[in-house]
Amino acid sequence: MAQKTIFQRIIDREIPADVVFEDDQCLAFRDIAPQAPVHVLVIPKKPIKSWAEIGEGDGPLIVHITNVIRDLAVELQLTDGYRVVCNCGDDGGQTVDHLHFHLLGGRPMRWPPG
Ligand code: AMP
């Protein structure tokens, strides 16, 4: 059996995380190495490896996650705006092979990203 990713181990409660939201479809927790005052990762519980692996049938799940991110931004008081990032593959800078969305806020963001 393939090795579990660190995020699967968080879903399975094998390692701790600072969880800020959970429902039957997704989990949101604070990034262990925050790049902004607010840095939360939102992940599906379904083990999708990356943005490139999202399937046709995953539409409702992805819409649900976008709604969760929108509502979390309000709950976390990101009233001046925020950034949502999904790194995909090596060139995208993805380091964990479980689809995840970064919600970053609490400071002005620069563009272009590195
Ligand atoms: P990416 O580079 O887009 O794949 O993002 C992976 C993110 O997961 C990085 O920002 C890491 O800091 C974060 N991360 C890795 N391990 C953990 C963990 N155990 N708990 C919370 N965040 C983690």
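Note that the coordinates shown come from a computational prediction; the quantities given were computed from them, not determined experimentally. Start at 1 and go down the list; that is how both ligands and their atoms are numbered.
No donor-acceptor pair under 3.5 Å is formed between the side chain of Glu14 and the backbone N or O of Arg9.
Take Glu56 and apply the salt bridge (Lys or Arg N to Asp or Glu O under 4.0 Å) test, not counting sequence neighbours, and it matches no residue. Remark: Glu22 pairs with Arg13, Lys45 by the salt bridge (Lys or Arg N to Asp or Glu O under 4.0 Å) rule, at least two apart or across chains.
Side chain to side chain, Asp31 and Gln35 fail the donor-acceptor criterion of an N or O pair below 3.5 Å.
Applying the ring pair (Phe, Tyr, Trp, His ring centres under 6.0 Å) rule to pairs touching residues 35-85 yields His39-His102, sequence neighbours excluded.
Pairing each heavy atom of Pro37 with each of Gly106, the nearest pair is CG-O, 3.4 Å.
Protein residues with a heavy atom under 4.0 Å from ligand 1 are Ile6, Phe7, Ile10, Phe29, Arg30, Asp31, Ile32, Ala33, Leu41, Asn87, Gly93, Gln94, Thr95, Val96, His100, His102.
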